[in-house]
> 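This is the structure I want to talk about, given as structure tokens.
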Amino acid sequence: MVSFGLYGLGVRSIWSHAGLGRGISPARVFSYAGGGAILVIALVSPLDPLGDTLLTAHMVQHILLVGVAPPLLLVGFPGAALPWSLPRRMRCALGRKSGVRTIAKHTTFLIRPLPACAVHGIALWLWHAPALFEAALRNEAIHALEHITFFTTAILFWQSLARAGRSTATVPSGIAAGFLTLIHGGFLGALITFSPSLLYPWYRQEPERWSLSPLADQQLAGLIMWVPATLVYLLACLVLAARLLTASVAYRKPVQQSS
């Protein structure tokens with residue numbers, strides 16, 4: 001909640017200097033607010049306790065945390081708004097800090113599409129391994145760590161795609177990262193869907209409250225991870241491909257006119 005308050009202060013500060021709607025458009029502010037609403041639905045709404053009784057609900061929660069909230073938040077340009085929530089002297093002081101620049105320099109590689117894809121993929125597979133998944137269900141601290149890991153690595157991944165889309169030279173790596181995530185995420189969803197046995201014993205009896213057998217609940221959860229999540233990553237790949245195609249067409253037009 002603090003970050004959303006700071007974001008609002010930052011946007012107000014930018015608009016007071018540049019003019020209403022300038023610097024960060026109202027559409028981007030609405031996108032950031034939408035991302036916040038998705039986080040509330042995933043973590044605070046009845047969906048969270050429902051995830052203790054239905055694997056399907058738990059999987060919906062994960063999809064919201066990794067595939068819906070992060071891109072909506074990033075569209076809101078929080079990196080531009082949040083610094084403006086600080087006093088001017090503090091902003092200038094942070095900009096001059098050599099330590100801040102050093103950290104940024106040595107962590108930039110993590111925002112490249114393929115490394116970010118690898119980090120996010122490792123998090124997805126590790127936390128869906130039965131032992132860790134069960135541990136998160138039985139321990140609130142581990143459960144919180146699971147959600148933090150999902151969300152932070154997803155932010156890293158989606159930020160890398162956004163950065164890749166800024167230049168035609170890096171768009172192909174962004175498409176590759178999105179496609180790899182689509183493939184391995186879909187494969188993980190398929191494994192859960194077609195598993196002949198129950199992967200997570202926690203849900204051995206709970207789904208029966210909702211007239212679902214444990215295996216049917218697991219199959220539905222796997223399908224949710226397989227199909228809707230795959231469509232999200234496919235959409236990201238298509239957006240990047242359109243960016244590349246548009247740049248290619250724009251480059252060819254002057255050449256044809258001059259000839």
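Counting from 1, the numbers follow the sequence of the chain as shown.
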> If hydrophobic clusters are built from ILVMFWY residues whose side chains come within less than 4.5 Å, do V232 and I183 share one?
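Yes, because V232 and I183 connect within a single hydrophobic cluster, where side-chain heavy atoms sit under 4.5 Å apart.
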> When you compare the side chain of L9 with that of R12, does any pair of heavy atoms fall below 4.5 Å?
yes
> Under the rule for side-chain contact (heavy atoms from CB on, under 4.5 Å), what residues qualify as partners of F77, not counting sequence neighbours?
I24, R28, A80
> To the nearest 0.5 angstrom, please state how far the NE2 atom of H128 sits from the CD1 atom of I192.
5.5 Å
> Between L231 and L235, is the side chain to side chain contact (heavy atoms under 4.5 Å, CB included) condition met? List the steps.
CA-CA 6 Å; L231 291 177; L235 178 61; over 6 Å; no
> Just so I know, are the side chains of W15 and V29 near enough to count as touching, which here means a heavy-atom distance under 4.5 Å?
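Answer yes - side chains close enough.
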> Quick check for you: to the nearest 0.5 Å, what is the distance between S160 atom OG and L114 atom CG?
8.5 Å
> I'd like to know if L6 and I155 are part of one continuous hydrophobic network [Ile/Leu/Val/Met/Phe/Trp/Tyr, side-chain heavy atoms within less than 4.5 Å].
yes
> V66 and T153: side chain to side chain contact (heavy atoms under 4.5 Å, CB included), yes or no, with the steps?
CA-CA 8 Å; V66 304; T153 60; 5.9 Å; no
> How far apart are the closest heavy atoms of P78 and Y32, and which atoms are they?
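The answer is CB-CE1, 3.7 Å.
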> Which heavy atom of L198 sits nearest a heavy atom of P201, and at what distance?
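So the two residues come closest at CD2-CA, 4.4 Å.
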> Minimum heavy-atom separation for A229 and I63, please, with both atom names.
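That would be CB-CD1, 3.6 Å.
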> Strictly under 6.0 Å, is that where the ring centroids of F151 and H120 end up?
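No.
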> Please collect all side chain to side chain donor-acceptor pair (under 3.5 Å) contacts where either partner lies in residues 220-241, sequence neighbours excluded, each pair once.
none
> Checking Y203 against D217 for the side chain to side chain contact (heavy atoms under 4.5 Å, CB included) test, could you report, in this order, the C-alpha distance in whole Å, the side-chain angles of both residues, the deciding distance, and whether it holds?
CA-CA 9 Å; Y203 296 102; D217 177 40; 4.3 Å; yes
> Kindly determine whether M225 and L188 satisfy side chain to side chain contact (heavy atoms under 4.5 Å, CB included), including the steps that lead there.
CA-CA 8 Å; M225 185 177 194; L188 178 58; 3.1 Å; yes
> Quick check: is L180 connected to L238 through a chain of hydrophobic side chains (ILVMFWY, heavy atoms under 4.5 Å apart)?
no
> Could you tell me which non-hydrogen atom of G178 sits nearest to which non-hydrogen atom of C237, and how far apart they are?
C-SG, 3.4 Å
> Is there a path of hydrophobic side-chain contacts, each under 4.5 Å between heavy atoms of I, L, V, M, F, W or Y residues, that connects F179 with V171?
yes
> How close do G174 and L161 get, heavy atom to heavy atom, and via which atoms?
O-CD2, 3.3 Å
> Does the H17 side chain pair with the main chain of S13, one donor and one acceptor, at a distance under 3.5 Å?
yes
> For residues 173-201, which residue pairs qualify under side chain to side chain donor-acceptor pair (under 3.5 Å), counting only residues two or more places apart or in two chains?
W125-H184
> Does any N or O in the side chain of Q218 come within less than 3.5 Å of the main-chain N or O of L199, such that one atom is a donor and the other an acceptor?
yes
> Kindly assign one of parallel, tilted or perpendicular to the pair H147 and H143, based on the angle between their ring planes and the thresholds 30° and 60°.
tilted
> About how many Å separate NE2 of H62 and CG of L124, when rounded to the nearest 0.5 Å?
9.5 Å
> When you measure from the side chain of T53 to the backbone N and O of E206, does any donor-acceptor pair fall under 3.5 Å?
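No, the answer is negative, given that no donor and acceptor are paired below the 3.5 Å cut-off.
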> Would you find a donor on one side and an acceptor on the other, under 3.5 Å apart, between the side chain of S31 and the backbone of A27?
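Side chain of S31 to backbone of A27, a donor-acceptor pair under 3.5 Å: no, none is there.
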> Look up atom CD in E140 and atom CD in E146, then write down how far apart they are to the nearest 0.5 Å.
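Here the rounded value is 10.5 Å.
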> How close do G51 and L137 get, heavy atom to heavy atom, and via which atoms?
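Closest approach of G51 to L137: O-CD2, 4.4 Å.
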> For the backbone of P214 and the side chain of R204, can you confirm whether one donor and one acceptor N or O come within less than 3.5 Å of each other?
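No: the side chain of R204 does not pair with the backbone of P214.
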> Taking a hydrophobic cluster as the set of Ile, Leu, Val, Met, Phe, Trp and Tyr residues connected by side-chain heavy atoms closer than 4.5 Å, whether directly or through intermediates, do V227 and F194 fall within one such cluster?
yes
> Show me the pairs that pass salt bridge (charged side-chain N to carboxylate O under 4.0 Å, His left out) and involve residues 123-137, at least two apart or across chains.
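As it turns out, the salt bridge (charged side-chain N to carboxylate O under 4.0 Å, His left out) pairs with a partner in residues 123-137, which skip direct neighbours, are E134-R138.
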> To the nearest 0.5 Å, tell me how far I175 CD1 sits from L182 CG.
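So the CD1 of I175 and the CG of L182 are separated by 12.5 Å.
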> Residues in side-chain contact (heavy atoms from CB on, under 4.5 Å) with A221, at least two apart?
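Scan of A221 (side-chain contact (heavy atoms from CB on, under 4.5 Å), adjacent residues dropped) gives L55, T56, M59.
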> Okay, side chain of W127, backbone of T149: is any donor-acceptor separation there less than 3.5 Å?
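Looks like no, no N/O pair under 3.5 Å.
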> Is there a donor-acceptor contact under 3.5 Å from the side chain of W158 to the main chain of V68?
no
> Please table the atom pairs, donor to acceptor, closer than 3.5 Å between any side-chain atom in residues 41-50 and protein atoms at least two apart or in another chain.
residue: S45; atom: OG; partner: I41; partner atom: O; Å: 2.4
residue: S45; atom: OG; partner: L47; partner atom: N; Å: 3.2
residue: D48; atom: OD1; partner: Q61; partner atom: NE2; Å: 2.8

> To the nearest 0.5 Å, tell me how far L64 CG sits from L72 CG.
10.0 Å
